[in-house]
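Some notes on the structure that comes next.
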Amino acid sequence: MTETAASPEAAVAHTAFFDELDHVVAEGWARIHNGPYYRHVREHGAGRELYRRTMCQLWHYIQHNPLNQAVAVLGMPPRRTHLIRYAVDHSLEELGHEKMIEHDLRLVGLLDEPLSASTPLPATQAFIGWLYYVSLRQGAVARMGYSYWAERSYDQIGELLDRLRNDLGMTDRSMSFFVAHSTIDTKHADDVRRALERNADTPEIQRQVIEVARTSLYLNAALLDNVLDDYLASLAAKSVKI
(Lines give C-alpha, C1' and ligand atoms only; values in the text may rest on other atoms or scores of the structure.)
Protein backbone atom coordinates (compact mmCIF):
# COMPACT_ATOMS: atom_id res chain seq x y z
CA MET A 1 0.00 0.00 0.00
CA THR A 2 1.40 3.40 -0.95
CA GLU A 3 1.36 6.30 1.50
CA THR A 4 -0.96 9.17 0.76
CA ALA A 5 0.90 12.26 -0.38
CA ALA A 6 0.84 15.16 2.04
CA SER A 7 -1.58 17.92 1.16
CA PRO A 8 -0.20 21.37 0.20
CA GLU A 9 -1.58 22.74 3.46
CA ALA A 10 0.25 20.06 5.47
CA ALA A 11 3.50 20.76 3.60
CA VAL A 12 3.23 24.47 4.38
CA ALA A 13 2.51 23.72 8.05
CA HIS A 14 5.58 21.50 8.26
CA THR A 15 7.74 24.18 6.64
CA ALA A 16 6.51 26.74 9.16
CA PHE A 17 7.15 24.28 11.98
CA PHE A 18 10.78 23.69 10.98
CA ASP A 19 11.31 27.40 10.38
CA GLU A 20 10.15 28.15 13.92
CA LEU A 21 12.14 25.26 15.36
CA ASP A 22 15.31 26.44 13.60
CA HIS A 23 14.69 29.97 14.89
CA VAL A 24 14.34 28.77 18.48
CA VAL A 25 17.51 26.68 18.18
CA ALA A 26 19.45 29.63 16.70
CA GLU A 27 18.28 31.86 19.55
CA GLY A 28 19.33 29.27 22.13
CA TRP A 29 22.81 28.91 20.67
CA ALA A 30 23.21 32.68 20.41
CA ARG A 31 22.43 32.93 24.13
CA ILE A 32 25.11 30.32 24.86
CA HIS A 33 27.69 31.96 22.58
CA ASN A 34 27.09 35.32 24.26
CA GLY A 35 26.90 33.90 27.77
CA PRO A 36 29.40 33.86 30.64
CA TYR A 37 31.07 30.57 29.75
CA TYR A 38 31.99 31.50 26.19
CA ARG A 39 32.98 35.04 27.25
CA HIS A 40 35.34 33.58 29.84
CA VAL A 41 36.96 31.26 27.30
CA ARG A 42 37.39 34.13 24.83
CA GLU A 43 38.97 36.40 27.45
CA HIS A 44 41.00 33.90 29.47
CA GLY A 45 41.47 30.89 27.22
CA ALA A 46 40.44 27.27 27.67
CA GLY A 47 42.32 26.15 30.75
CA ARG A 48 42.89 22.49 31.54
CA GLU A 49 40.92 22.55 34.78
CA LEU A 50 37.91 24.28 33.25
CA TYR A 51 37.99 21.79 30.39
CA ARG A 52 38.17 18.86 32.84
CA ARG A 53 35.24 20.16 34.85
CA THR A 54 33.17 20.74 31.73
CA MET A 55 33.77 17.25 30.38
CA CYS A 56 32.99 15.76 33.77
CA GLN A 57 29.52 17.34 33.75
CA LEU A 58 28.93 16.28 30.15
CA TRP A 59 29.88 12.74 31.19
CA HIS A 60 27.26 12.80 33.94
CA TYR A 61 24.38 13.74 31.69
CA ILE A 62 25.42 12.05 28.43
CA GLN A 63 25.32 8.59 30.04
CA HIS A 64 21.61 9.06 30.75
CA ASN A 65 20.67 9.85 27.15
CA PRO A 66 20.23 6.21 26.03
CA LEU A 67 18.03 5.58 29.06
CA ASN A 68 15.73 8.57 28.76
CA GLN A 69 15.52 7.92 25.01
CA ALA A 70 14.42 4.34 25.68
CA VAL A 71 11.78 5.19 28.30
CA ALA A 72 10.26 7.71 25.90
CA VAL A 73 8.46 4.82 24.18
CA LEU A 74 6.50 3.91 27.33
CA GLY A 75 2.84 4.56 26.72
CA MET A 76 3.37 4.66 22.95
CA PRO A 77 0.68 2.74 21.03
CA PRO A 78 2.24 -0.52 19.77
CA ARG A 79 0.99 0.24 16.24
CA ARG A 80 3.48 3.12 15.98
CA THR A 81 6.24 0.70 15.09
CA HIS A 82 8.27 3.19 13.05
CA LEU A 83 8.49 5.65 15.96
CA ILE A 84 9.25 2.92 18.51
CA ARG A 85 11.96 1.47 16.29
CA TYR A 86 13.49 4.93 15.85
CA ALA A 87 13.62 5.55 19.60
CA VAL A 88 14.97 2.12 20.51
CA ASP A 89 17.57 2.05 17.73
CA HIS A 90 18.72 5.56 18.59
CA SER A 91 18.95 4.59 22.25
CA LEU A 92 21.20 1.64 21.45
CA GLU A 93 23.42 3.79 19.23
CA GLU A 94 23.90 6.28 22.07
CA LEU A 95 25.09 3.64 24.54
CA GLY A 96 28.65 4.13 25.77
CA HIS A 97 29.30 7.56 24.27
CA GLU A 98 30.51 8.73 27.68
CA LYS A 99 33.46 6.35 27.22
CA MET A 100 34.79 8.80 24.63
CA ILE A 101 34.98 11.45 27.34
CA GLU A 102 36.92 9.08 29.61
CA HIS A 103 39.28 8.32 26.71
CA ASP A 104 39.87 12.00 25.96
CA LEU A 105 40.56 12.98 29.56
CA ARG A 106 42.84 10.00 30.10
CA LEU A 107 44.82 10.82 26.96
CA VAL A 108 45.69 14.33 28.19
CA GLY A 109 46.36 13.29 31.79
CA LEU A 110 43.15 14.68 33.29
CA LEU A 111 41.54 11.48 34.55
CA ASP A 112 43.06 11.16 38.00
CA GLU A 113 40.04 9.38 39.46
CA PRO A 114 36.92 7.73 38.02
CA LEU A 115 34.35 10.27 36.87
CA SER A 116 31.75 8.27 38.78
CA ALA A 117 33.43 9.49 41.97
CA SER A 118 32.39 13.07 41.18
CA THR A 119 28.99 14.66 41.82
CA PRO A 120 26.91 16.26 39.08
CA LEU A 121 26.38 19.97 39.65
CA PRO A 122 22.84 21.24 40.36
CA ALA A 123 22.31 22.41 36.78
CA THR A 124 23.46 19.03 35.48
CA GLN A 125 21.08 17.22 37.80
CA ALA A 126 18.26 19.48 36.63
CA PHE A 127 19.05 18.74 32.98
CA ILE A 128 19.15 14.98 33.60
CA GLY A 129 15.91 14.97 35.57
CA TRP A 130 14.09 17.20 33.08
CA LEU A 131 14.99 14.95 30.13
CA TYR A 132 13.50 11.99 31.99
CA TYR A 133 10.40 14.08 32.71
CA VAL A 134 9.95 14.95 29.04
CA SER A 135 10.51 11.36 27.97
CA LEU A 136 8.06 9.91 30.48
CA ARG A 137 5.34 12.58 30.32
CA GLN A 138 5.46 13.78 26.70
CA GLY A 139 7.10 10.91 24.86
CA ALA A 140 9.49 10.24 22.03
CA VAL A 141 8.32 12.89 19.58
CA ALA A 142 8.54 15.75 22.07
CA ARG A 143 12.02 14.59 23.15
CA MET A 144 13.17 15.07 19.56
CA GLY A 145 13.18 18.79 20.28
CA TYR A 146 16.33 18.08 22.30
CA SER A 147 17.80 15.62 19.79
CA TYR A 148 17.17 18.04 16.92
CA TRP A 149 19.83 20.50 18.13
CA ALA A 150 22.03 18.10 20.14
CA GLU A 151 22.76 15.95 17.10
CA ARG A 152 23.77 19.09 15.16
CA SER A 153 25.78 20.80 17.89
CA TYR A 154 29.21 20.20 16.34
CA ASP A 155 28.69 23.12 13.96
CA GLN A 156 27.96 25.38 16.93
CA ILE A 157 31.06 24.64 19.01
CA GLY A 158 33.76 25.30 16.41
CA GLU A 159 35.05 28.32 18.33
CA LEU A 160 35.41 26.27 21.50
CA LEU A 161 37.19 23.43 19.71
CA ASP A 162 39.62 25.91 18.14
CA ARG A 163 40.47 27.24 21.60
CA LEU A 164 41.09 23.70 22.86
CA ARG A 165 43.45 23.08 19.96
CA ASN A 166 45.25 26.41 20.31
CA ASP A 167 45.29 26.82 24.10
CA LEU A 168 45.74 23.21 25.18
CA GLY A 169 47.41 21.74 22.12
CA MET A 170 44.71 19.14 21.74
CA THR A 171 44.31 17.05 18.60
CA ASP A 172 41.35 15.33 16.98
CA ARG A 173 42.46 12.10 18.67
CA SER A 174 42.24 13.69 22.12
CA MET A 175 38.86 15.24 21.28
CA SER A 176 37.14 12.08 20.09
CA PHE A 177 33.93 12.90 21.92
CA PHE A 178 33.51 16.01 19.78
CA VAL A 179 35.25 15.03 16.54
CA ALA A 180 34.44 11.32 16.12
CA HIS A 181 31.05 11.93 17.69
CA SER A 182 30.27 14.48 14.97
CA THR A 183 30.40 11.77 12.28
CA ILE A 184 27.96 9.62 14.24
CA ASP A 185 25.69 12.59 14.87
CA THR A 186 25.49 13.56 11.20
CA LYS A 187 23.49 10.39 10.55
CA HIS A 188 21.47 10.86 13.73
CA ALA A 189 20.58 14.44 12.76
CA ASP A 190 19.15 13.24 9.46
CA ASP A 191 17.24 10.51 11.28
CA VAL A 192 15.73 13.04 13.70
CA ARG A 193 14.64 15.31 10.87
CA ARG A 194 12.91 12.46 9.04
CA ALA A 195 11.28 11.23 12.24
CA LEU A 196 9.90 14.70 12.94
CA GLU A 197 8.60 15.04 9.40
CA ARG A 198 6.71 11.80 9.88
CA ASN A 199 5.56 12.11 13.50
CA ALA A 200 5.23 15.80 14.43
CA ASP A 201 1.86 15.79 12.73
CA THR A 202 -0.34 17.99 14.93
CA PRO A 203 0.00 21.60 16.14
CA GLU A 204 0.12 20.39 19.76
CA ILE A 205 2.96 17.94 19.15
CA GLN A 206 4.85 20.56 17.16
CA ARG A 207 4.44 23.01 20.04
CA GLN A 208 5.85 20.42 22.45
CA VAL A 209 8.88 19.81 20.21
CA ILE A 210 9.61 23.54 19.97
CA GLU A 211 9.28 24.04 23.73
CA VAL A 212 11.56 21.07 24.42
CA ALA A 213 14.16 22.57 22.09
CA ARG A 214 13.89 25.94 23.83
CA THR A 215 14.07 24.56 27.36
CA SER A 216 16.83 22.03 26.70
CA LEU A 217 19.07 24.74 25.21
CA TYR A 218 18.33 26.92 28.24
CA LEU A 219 19.35 24.07 30.53
CA ASN A 220 22.47 23.41 28.47
CA ALA A 221 23.46 27.05 28.95
CA ALA A 222 22.75 26.73 32.68
CA LEU A 223 25.01 23.66 32.85
CA LEU A 224 27.91 25.58 31.29
CA ASP A 225 27.35 28.59 33.54
CA ASN A 226 27.26 26.33 36.59
CA VAL A 227 30.56 24.75 35.55
CA LEU A 228 32.13 28.19 35.21
CA ASP A 229 30.76 29.38 38.57
CA ASP A 230 32.07 26.26 40.29
CA TYR A 231 35.47 26.64 38.63
CA LEU A 232 35.79 30.33 39.59
CA ALA A 233 34.71 29.52 43.15
CA SER A 234 37.47 26.92 43.37
CA LEU A 235 40.02 29.48 42.20
CA ALA A 236 38.77 31.99 44.77
CA ALA A 237 39.00 29.39 47.53
CA LYS A 238 42.58 28.58 46.60
CA SER A 239 43.59 32.23 46.65
CA VAL A 240 42.08 32.66 50.13
CA LYS A 241 44.03 29.66 51.43
CA ILE A 242 47.23 31.04 49.97
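Numbers here simply count residues along the sequence, with the first being 1.
Using a 4.5 Å cut-off on side-chain heavy atoms (C-beta onward), F178 and D104 make no contact. Between N226 and T124 there is no side-chain heavy-atom pair separated by less than 4.5 Å. Annotation: side chain of L50 is in contact with side chain of Y37 (closest heavy-atom distance under 4.5 Å). Residues I205 and Q138 form no side-chain contact, since every pair of their non-hydrogen atoms from C-beta on lies 4.5 Å or further apart. Here the side chains of I62 and F177 are in contact, with some heavy-atom distance below 4.5 Å. Contact of the Y148 side chain with the V209 side chain is not registered, since no non-hydrogen atoms from C-beta on lie closer than 4.5 Å. At a threshold of 4.5 Å between non-hydrogen side-chain atoms, the residues L232 and H40 count as touching. At a threshold of 4.5 Å between non-hydrogen side-chain atoms, the residues F127 and Q57 do not count as touching.
For the atom pair CG (L219) and CG (L224), the distance works out to 11.5 Å, reported to the nearest 0.5 Å. Considering CZ of R214 and CH2 of W149, their distance stands at 14.5 Å, rounded to 0.5 Å. For the atom pair CG of D201 and CD of Q206, the computed distance is 8.0 Å after rounding to the nearest 0.5 Å. L105 contributes atom CG, which lies 9.5 Å from atom CG of D112 (distance to the nearest 0.5 angstrom). Atoms CD and CG, on E93 and L95 in that order, are 10.0 Å from each other to the nearest 0.5 Å. Here the CD-CG distance, from Q69 to D89, works out to 10.0 Å after rounding to the nearest 0.5 Å.
Here the shortest heavy-atom pairing between V71 and N68 reads CG2-O, 3.4 Å. In this structure, V141 and L196 approach most closely via the heavy-atom pair O-CD2, 4.2 Å. Of all the heavy atoms in S176 and H103, the pair that sits closest is OG-ND1, 3.4 Å. Shown here for W29 and S153, the closest heavy-atom pair between the two residues is CZ2-CB, 3.6 Å. Taking all atoms of both residues into account, the shortest heavy-atom contact from D167 to A46 is OD2-N, 2.9 Å. In terms of heavy atoms, W59 sits closest to E102 at NE1-OE2, 2.9 Å.
With hydrogens and angles ignored, the 3.5 Å screen pairs no side-chain donor or acceptor of H82 with any backbone N or O of N199. Side chain of S135 to main chain of L131: a donor-acceptor pair is present (N/O by atom type, distance under 3.5 Å, no hydrogens or angles). Under the 3.5 Å distance criterion, the side-chain polar atoms of R152 are matched with a main-chain donor or acceptor of A189.
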Worked check of side-chain contact (heavy atoms from CB on, under 4.5 Å) between H60 and L121: CA-CA 9 Å; H60 277 294; L121 292 171; over 6 Å; no

Criterion side-chain contact (heavy atoms from CB on, under 4.5 Å) on R143 and V192, from CA distance to verdict: CA-CA 10 Å; R143 189 191 176 282; V192 173; over 6 Å; no

Run the side-chain contact (heavy atoms from CB on, under 4.5 Å) check on M170 and V108 step by step: do they pass? CA-CA 8 Å; M170 298 185 71; V108 294; 4.1 Å; yes

Check the pair E151, H90 against side-chain contact (heavy atoms from CB on, under 4.5 Å), reporting the backbone distance first and the verdict last. CA-CA 11 Å; E151 303 291 8; H90 194 186; 2.7 Å; yes

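Figure legend: cation-pi geometry between R163 and Y51 absent, as NZ or CZ is not positioned both under 6.0 Å from the six-membered ring centre and within 45° of its axis.
Under a hydrophobic-cluster definition in which Ile, Leu, Val, Met, Phe, Trp and Tyr are linked whenever side-chain heavy atoms come within less than 4.5 Å, directly or via other members, L168 and M175 are assigned to the same cluster. Side-chain heavy atoms closer than 4.5 Å link hydrophobic residues (I, L, V, M, F, W, Y) into clusters, and following such links, possibly through other members, connects F18 to Y146. No continuous path of ILVMFWY side-chain contacts below 4.5 Å connects L107 to V179, so the two sit in separate hydrophobic clusters.
Under the 4.0 Å criterion applied to side-chain N and carboxylate O atoms, E204 and R207 are assigned as salt-bridge partners. Note on D190 versus R193: no salt bridge recorded, every NZ/NE/NH1/NH2 to OD/OE distance being 4.0 Å or above.
Heavy atoms from other residues, nucleotides or ligands lying under 6.0 Å from OH of Y218 number 12 at most.
Residue pairs meeting the salt bridge (Lys or Arg N to Asp or Glu O under 4.0 Å) criterion with at least one member in residues 21-44, sequence neighbours excluded: R42-E159. Judged as a salt bridge (Lys or Arg N to Asp or Glu O under 4.0 Å), the pairs with a partner in residues 44-54 (not counting sequence neighbours) are, in order, E49-R52, E49-R53, R53-D230.
In this model, no donor atom of one side chain and acceptor atom of the other lie less than 3.5 Å apart for W130 and T215.
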